[in-house]
Amino acid sequence: MTTAREIMTPDATCVGESETVATAAQKMAELKVGSLPICGNDNRLKGMLTDRDIVVKVLAKGRDPQQVKAGELGQGKPVTIGADDDAEEILKTMGSHQVRRLPVIDGHDLVGIVAVADVARALPDKPVGALLDAISDS
């Protein structure tokens with residue numbers, strides 16, 4: 001069965017937990033992505049930051065994106081997938097947590113990101129359709 005390591009986008013770019021949300025937004029624009037992993041000074045994953053987080057938790061509340069640190073927006077334990085976990089586990093994790101992207105870790109190291117599009121390219125239509133239904137319920 002296909003593993004996360006085989007279908008992920010390797011070398012995910014992080015935003016540091018002490019970097020500003022403005023810096024994160026600039027990185028997102030340069031990379032043409034809507035989310036970035038938040039990495040700590042200890043090189044461990046601290047969460048995920050989305051463009052929606054920036055709009056809802058910073059801009060809409062009148063907070064200054066030049067002052068708010070990315071680490072302030074990473075909440076709780078990040079949902080991840082192991083590099084050697086199979087596609088079925090990826091689907092189950094994405095569906096149960098209603099997320100479209102998962103950081104891929106090997107031990108404690110971030111090694112990539114797997115997105116719905118990656119899963120869609122690697123698997124038959126039926127499981128992907130069920131996943132899209134699951135993550136679109138919110």
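Looking at R101 and V116, their side chains never come closer than 4.5 Å, going by heavy atoms from C-beta outward. Counting heavy atoms from C-beta on, the side chains of L31 and T13 come closer than 4.5 Å. Counting only heavy atoms from C-beta outward, the side chains of T93 and V79 approach each other to under 4.5 Å. L36 places a side-chain heavy atom less than 4.5 Å from the side chain of M28. Counting heavy atoms from C-beta on, the side chains of E89 and I81 come closer than 4.5 Å.
A salt bridge links K27 with E19: at least one charged nitrogen is closer than 4.0 Å to a carboxylate oxygen.
Within the structure, the side-chain hydrogen bond (donor to acceptor under 3.5 Å, both in side chains) test picks out the following pairs touching residues 102-113 (sequence neighbours left out): R5-D106, R44-H108. Residues in residues 85-115 take part in no disulfide (SG to SG under 2.5 Å) pair, two or more places apart or across chains.
Listed here is the closest heavy atom pair of T50 and S35: CG2-CB, 3.9 Å. When all heavy atoms of V56 and A60 are compared, the closest pair comes out as O-CB, 3.7 Å. Of all heavy-atom pairs spanning V111 and A83, the tightest one is CG2-CB, 4.2 Å. Contact between A24 and V15 at its shortest, heavy atoms only, is CB-CG2, 3.7 Å. Nearest heavy atoms, P37 versus A12: CG-CB, 4.3 Å. Nearest heavy-atom pair across G16 and A70 is O-CB, 3.7 Å.
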Residue pair L59, R63: steps toward the side chain to side chain contact (heavy atoms under 4.5 Å, CB included) verdict: CA-CA 6 Å; L59 300 177; R63 298 176 73 192; over 6 Å; no
M94 and L102: CA distance, side-chain angles, deciding distance, side chain to side chain contact (heavy atoms under 4.5 Å, CB included) verdict: CA-CA 7 Å; M94 284 181 165; L102 286 171; 3.7 Å; yes
Side chain to side chain contact (heavy atoms under 4.5 Å, CB included) between V119 and V114, worked out: CA-CA 7 Å; V119 179; V114 66; 4.2 Å; yes
From CA spacing to verdict: side chain to side chain contact (heavy atoms under 4.5 Å, CB included), L73, V21: CA-CA 9 Å; L73 301 182; V21 170; 3.8 Å; yes
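Taking CG from D85 and OG1 from T3, the interatomic distance works out to 9.0 Å, rounded to the nearest 0.5 Å. Interatomic distance, CZ of R52 versus CD1 of I54, reported as 12.5 Å (0.5 Å rounding). One distance of note links SG of C14 with CG of L110; it measures 5.0 Å at 0.5 Å rounding. The structure places OG1 of T9 at 4.5 Å from CG of D118, a figure rounded to the nearest 0.5 Å. How far NZ of K46 is from OG of S18: 11.5 Å, rounded to the nearest 0.5 Å. Taken from CD1 in I7 to CD1 in I113, the straight-line distance is 12.5 Å, to the nearest 0.5 Å.
Under the 4.5 Å side-chain heavy-atom criterion for Ile, Leu, Val, Met, Phe, Trp and Tyr, M48 and I105 are members of distinct hydrophobic clusters. Put simply, I38 and V33 are part of the same group of oily side chains (I, L, V, M, F, W, Y) that touch within less than 4.5 Å, one to the next.
The backbone N or O of K69 sits less than 3.5 Å from a side-chain atom of E72, completing a donor-acceptor pair. Using a distance-only test at 3.5 Å, with no hydrogens or angles considered, a donor-acceptor pair links the side chain of E17 to the main chain of N41.
Residue-environment remark: CD (E6) exceeds the threshold of 12 foreign heavy atoms within 6.0 Å.
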